[in-house]
Amino acid sequence: SQTIHQWPATLVQPVGSPLSLECTVEGTSNPNLYWYRQAAGRGLQLLFYSVGIGQISSEVPQNLSASRPQDRQFILSSKKLLLSDSGFYLCAWSFRLEAFFGQGTRLTVV
Amino acid sequence: DAKTTQPPSMDCAEGRAANLPCNHSTISGNEYVYWYRQIHSQGPQYIIHGLKNNETNEMASLIITEDRKSSTLILPHATLRDTAVYYCIVRPPSNNAGNMLTFGGGTRLMVKP
């Protein structure tokens with residue numbers, strides 16, 4: 001069966017520090033991968049999606065970047081975090097009609 | 001993606017059926033209706049999806065109107081653990097690059113004892 005791993009579960013980082021969140025998927029090949037962000041009390045906002053290795057599309061301009069070095073690995077990064085980057089970050093994968101989400105990383109920038 | 005409209009919140013008594021409505025009046029002929037839910041501080045969980053016919057699984061039933069402009073998610077016997085935000089989403093069936101899930105505000109369902 002397919003599983004999605006996302007870590008860490010929680011993270012507290014100072015303003016200006018770098019960020020790297022990792023997501024890996026098992027049990028499937030060539031999935032579409034997504035990064036979403038959810039600010040406190042808000043809906044889910046799509047940040048990036050990828051249809052293959054090295055292929056990244058961005059939905060909104062922002063302080064973050066994404067990379068897909070391997071078929072089942074998706075990384076969300078920032079060189080310098082801002083206070084506004086705080087939120088709940090979710091990785092997801094989809095294939096055909098189904099989409100599945102990781103358990104999320106709660107990032108607090110202080 | 002077609003937009004969806006859901007009430008922002010609903011209450012339901014424990015043990016009773018929870019009926020969550022969704023309007024999707026601009027849905028295209030090949031777009032499916034999906035329902036997800038998000039329990040606090042967790043990732044969204046897939047519940048059910050359908051195209052034209054009503055669907056039922058171990059979690060819920062999905063009733064889609066004949067004109068497909070609206071649907072209702074039914075939790076037949078709501079429990080306290082069903083308290084969550086429920087999202088109704090429409091999307092085409094293909095695996096194209098732009099075929100990502102677009103989440104609206106959802107309905108916050110509160111199941112009360």
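Letters go in sequence order (proteins before strands), and every chain restarts at 1.
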- line: Applying a strict 4.5 Å limit to non-hydrogen atoms, the region of B:Gln38 in contact with chain A is side chain
- request: Tell me whether A:Val15 is reachable from A:Leu21 by hopping between hydrophobic residues (I, L, V, M, F, W, Y) whose side-chain heavy atoms are closer than 4.5 Å.
  value: yes
Heavy-atom proximity to chain B below 4.5 Å, by part of A:Gln6: neither
query: Contact part of A:Leu90 toward chain B, heavy-atom cut-off under 4.5 Å: side chain, backbone, both or neither?
result: side chain
Single-linkage hydrophobic cluster, 4.5 Å side-chain cutoff, B:Ile47 and B:Val111 together: yes
- prompt: Is it the case that one hydrophobic cluster holds both B:Met10 and B:Ile48, taking links as side-chain heavy atoms less than 4.5 Å apart, direct or via other members?
  reply: yes
- request: Indicate, with yes or no, if A:Leu76 and A:Val12 share a hydrophobic cluster defined by side-chain heavy-atom contacts under 4.5 Å among Ile, Leu, Val, Met, Phe, Trp and Tyr.
  value: no
message: Could you check whether any side-chain heavy atom of B:Arg91 comes within less than 4.5 Å of a side-chain heavy atom of A:Ser94, counting everything from C-beta outward?
response: yes
field: Result of checking B:Tyr36, B:Tyr87, B:Phe103 against A:Tyr36 for ring-ring contact (aromatic ring centres under 6.0 Å, His included)
entry: B:Phe103
message: Same cluster or not: B:Tyr32 versus A:Phe101, using hydrophobic residues (I, L, V, M, F, W, Y) connected whenever any side-chain heavy atoms lie under 4.5 Å apart?
response: yes
